[in-house]
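Data block below; observations after.
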Amino acid sequence: MSNAPTAGGYRGRLAPSPTGWLHLGHARTFWTATWRAMNHGGALVLRVEDLDGPRCRPEFVAGIEEDLRWLGIRWQEGPDVGGDFGPYVQSQRLSLYRAAFDRLRARGHVYACTCSRRDVAAALSAPHAGDEEPVYPGTCRDRGIDPGTRVPTARAAVWRFRVPDGESVMVRDAGMGDQTLVAGVDFGDFVVWRGDDLPSYQLACVVDDHHMDITEVVRGADLLVSAARQLLLFRALGWESPGYFHCPLMLDEAGRRLAKRHDALSLRRLREQGVEPADLIRGWG
Ligand code: GLU
């Protein structure tokens, strides 16, 4: 399976998580999203992905909007400007996620799982590398666990999406070219509903990209494997998928990808040091 090119007006999105300040890597990705929307004469949506519990803070939302504006990025829809596809903050969209989850459940695509992270790590024959989560070994797949079961940590069971083992999923990527990922090999059964009764990033993202009529997703290459997961969710929900454009990750001198710990490369600090947006954008070609 693969994602098909979409017809109609271009709609892109910026989907920051307000868990810290934007750094140079975000800025370049969001700049790419902006010029792709502009080149297509399309619209850009700002969506705040704030389901990550206490790590998300309101001051980061305001700070991110400020940093984006400083960079010269404008959006036509978002929490501050409204629009026809709102609300634009994920914590205000829970009923949409619940409805999609119920649909997945009714269609038999998900199962309850009581494994802890430690159980998953212990069941793997080989250690996993990188930041991708380990391929779930399928321990709870056919156990028919009662979803009301509480795990020893008093957390409720999570719900995983059953991936079609061995199926190739092709992500047609406008930036990286066609990328093929194999279900059950490159990624395993993934969580769609969490133990704290909230949707996972994967489900919330698909529901929003669908309901907000997004035609192209521009984001960092660390989410390429997630595009394959998300394509499976689009199919299971009976929805058309968007196009993708994954941007290369920005690395520090040690070859590590930029993260919140790189405070010196946050747009905030750079601005304080007198860096101008044009200095940054020029470097991105
Ligand atoms: N909210 C995610 C992040 O900040 C991005 C998700 C996406 O673009 O799909 O990493």
Side-chain angles (χ1 to χ4, degrees), residues 3 11-34 36-37 44-58 60-65 67-68 71 73 75 77-79 85 87-93 96-97 100 130-133 171 173-176 179 181 187 190-192 194 198-234 239 241-250 257-262 265-267:
N3 51 310
R11 287 176 58 84
R13 71 346 178 243
L14 312 166
S17 300
T19 55
W21 306 118
L22 293 187
H23 57 61
L24 270 183
H26 297 120
R28 193 177 59 178
T29 299
F30 290 151
W31 185 252
T32 305
T34 302
R36 287 198 61 83
L44 202 53
V45 173
L46 176 66
R47 176 168 90 219
V48 174
E49 302 207 326
D50 64 342
L51 295 179
D52 205 0
R55 293 177 60 223
C56 294
R57 304 213 309 252
F60 289 135
V61 177
I64 287 170
E65 289 179 357
D67 287 349
L68 289 172
L71 210 52
I73 289 179
W75 47 97
E77 297 169 34
F85 296 80
Y88 293 93
V89 177
Q90 287 193 324
S91 56
Q92 296 168 19
R93 302 174 60 80
L96 290 172
Y97 309 136
D131 12 84
E132 259 304 311
E133 65 180 50
V171 181
D173 194 285
M176 301 172 73
Q179 307 285 324
L181 296 136
F187 60 95
F190 57 90
V191 175
V192 290
R194 305 178 345 197
L198 287 170
S200 70
Y201 153 69
Q202 307 294 348
L203 182 64
C205 179
V206 163
V207 169
D208 287 346
D209 287 338
H210 169 71
H211 285 297
M212 293 179 175
D213 260 3
I214 299 301
T215 61
E216 184 176 76
V217 169
V218 179
R219 60 186 177 195
D222 51 331
L223 290 169
L224 176 69
V225 181
S226 283
R229 296 184 180 98
Q230 291 171 13
L231 286 176
L232 292 174
L233 280 179
F234 277 108
W239 295 338
S241 55
Y244 291 97
F245 186 111
H246 289 90
C247 305
L249 296 180
M250 213 179 254
R257 96 168 200 240
L258 294 195
K260 308 262 149 86
R261 66 175 176 272
H262 291 87
L265 296 179
S266 70
L267 297 190

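Both counts, for ligands and for their atoms, begin at 1 and track the order of listing.
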Which atoms from ligand 1 have a heavy atom of [X] less than 4.0 Å away?
X	answer
Cys205	9 (O)
Tyr201	6 (C), 7 (C), 9 (O)
Glu49	1 (N), 2 (C), 5 (C), 6 (C)
Leu223	5 (C), 6 (C), 7 (C)
Arg219	7 (C), 8 (O), 9 (O)

**Nearest non-hydrogen partners of Trp75 and Leu14, listed with the distance** =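 Here Trp75 and Leu14 meet closest at CE3-CD1, 4.3 Å.
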
**Fill in**
So for Ser17 against ligand 1, with non-hydrogen atoms under 4.0 Å, the contacting part is both

**Request:** Could you tell me how the ring of Phe190 sits relative to the ring of Phe187: parallel (under 30°), tilted (30 to 60°) or perpendicular (over 60°)?
**Result:** tilted

**Item:** Closest protein heavy atom to atom 5 (C) of ligand 1, given as residue, atom name and distance to 0.1 Å
**Value:**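 Answer for atom 5 (C) of ligand 1: Ala15 O, 3.4 Å.
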
**Asked** What residue among Arg13, His210, Arg229 forms side-chain contact (heavy atoms from CB on, under 4.5 Å) with Cys205?
**Response** Arg13

**Prompt:** Arg13 near ligand 1, heavy-atom distance under 4.0 Å?
**Reply:** yes

Would you please say whether a donor-acceptor pair under 3.5 Å links the side chains of [X] and [Y]?
X	Y	answer
Asp52	Tyr201	no
Glu77	Tyr88	yes
Ser241	Gln230	no

